[in-house]
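This report concerns only the one structure given below.
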Number of protein chains: 2
Amino acid sequence: MSSAIEEIERELVSAIDGDRLAQTFKAIADPTRVRILHALALAELPVCDIARLVQTSESAVSHQLSLLRAAQIVRRRKIGRHVFYALDDTHIRGLIEVGLAHLAHS
Amino acid sequence: MSSAIEEIERELVSAIDGDRLAQTFKAIADPTRVRILHALALAELPVCDIARLVQTSESAVSHQLSLLRAAQIVRRRKIGRHVFYALDDTHIRGLIEVGLAHLAHS
DNA sequence: CTAATATCTGAGCAACTGTTCAGATATTAT
DNA sequence: ATAATATCTGAACAGTTGCTCAGATATTAG
């Protein structure tokens with residue numbers, strides 16, 4: 001016979017997947033990044049426009065975008081002297097939507 | 001006539017809501033906390049069991065739980081010398097589910 | 001009562017994060 | 001060619017975070 005705890009132990013996400021899961025949430029868990037991602041959920045945008053929208057320096061936005069790109073959450077595409085960024089992950093949009101629903105009902 | 005940017009500017013989450021949104025994700029964006037929350041999504045549990053499940057000291061777990069309680073994500077209920085914790089937020093379960101789906105398809 | 005168990009708490013510290021600043025690179029306009 | 005615009009990058013610095021450690025409190029067992 002197996003205890004209830006052992007049952008949970010089997011279903012519980014592994015330490016490794018816990019790390020990966022936390023990594024995913026960390027990418028969104030910042031005021032600047034979450035607004036960048038929300039903007040990109042609405043449209044593909046160049047860095048300068050993102051910077052204006054989220055009221056942050058272009059340098060800071062560029063740093064955050066390269067972080068998001070390393071996490072494979074956004075993709076970039078160069079057009080002339082602009083670099084357009086777009087969401088490159090279906091689930092991120094879903095996470096932001098659930099997050100916004102949470103704000104609405106609290 | 002209004003530009004596309006102005007359209008996005010109107011729809012974009014405000015700086016204040018961006019902060020609140022980031023706060024919500026921050027609460028989940030940690031390897032220890034995300035596993036604690038996943039465990040609590042499976043059952044109501046006392047601190048000592050949570051500590052064993054996530055392989056972290058009871059002190060560290062207690063610190064994390066008080067943080068999650070301050071964020072109104074978990075609730076506590078004392079029974080004898082045990083303190084049972086449980087999820088106190090519908091959306092957190094949803095966020096973890098979407099996060100796990102993300103791991104599965106990548 | 002005393003010992004054992006369960007939980008909490010504050011201080012301290014090492015690691016991490018997000019920004020600014022200075023400067024590099026690339027593209028386009030004049 | 002020169003200037004202006006757009007983007008990127010590394011270093012540095014302040015602020016935050018998550019842990020350990022020591023010790024406090026509370027409940028129950030013997």
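In what follows, every chain begins at residue 1, and chains take the letters A, B, ... in the order their sequences are listed.
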So, OP1 or OP2 of dC8(C): does either fall under 4.0 Å of a side-chain N or O from Tyr85(B)?
yes
When you check the phosphate oxygens OP1 and OP2 of dT27(C), does a side-chain N or O of His82(A) lie under 4.0 Å from one of them?
no
Atom-pair distance (CG on Leu65(A); P on dG18(C)), nearest Å
13 Å
Is the shortest side-chain heavy-atom distance between His105(A) and Thr90(B) below 4.5 Å?
no
Would a 4.5 Å heavy-atom cut-off, applied to side chains only, mark Leu65(A) and Arg76(A) as touching?
no
Spacing between Asp49(B) atom CG and dT7(C) atom C1', to the nearest angstrom
13 Å
Less than 4.0 angstrom between a side-chain N/O of Arg76(A) and OP1 or OP2 of dC8(D), yes or no?
yes
Produce a footprint string for nucleotides 17-30 of chain D: one letter per nucleotide, 5' end first; B if the base is under 4.0 Å from any protein heavy atom, S if only the sugar-phosphate is, - if neither.
-SSBB----SSSS-
Assess whether side chain to side chain contact (heavy atoms under 4.5 Å, CB included) is satisfied between Leu53(B) and Arg35(B), documenting all intermediate values.
CA-CA 9 Å; Leu53(B) 285 167; Arg35(B) 293 187 83 218; over 6 Å; no
Measure the shortest side-chain to side-chain distance between Thr56(B) and Ile36(B) over non-hydrogen atoms and say whether it is less than 4.5 angstrom.
no
Within a strict 4.5 Å, meaning less than it, do heavy atoms of the Leu45(A) and Ile5(B) side chains meet?
yes
Is Val74(B) close to Ile92(B) at the side-chain level, that is, under 4.5 Å between some pair of heavy atoms?
no
Atom pair distance, as rounded to whole Å: CG in Asp19(B) and P in dG18(C)
13 Å
Take the protein atom CG of Leu45(B) and the nucleotide atom P of dA6(C), then report the distance between them rounded to whole Å.
14 Å
Could you state the atom-to-atom distance from CG of Leu68(A) to C1' of dG18(C) in whole Å?
13 Å
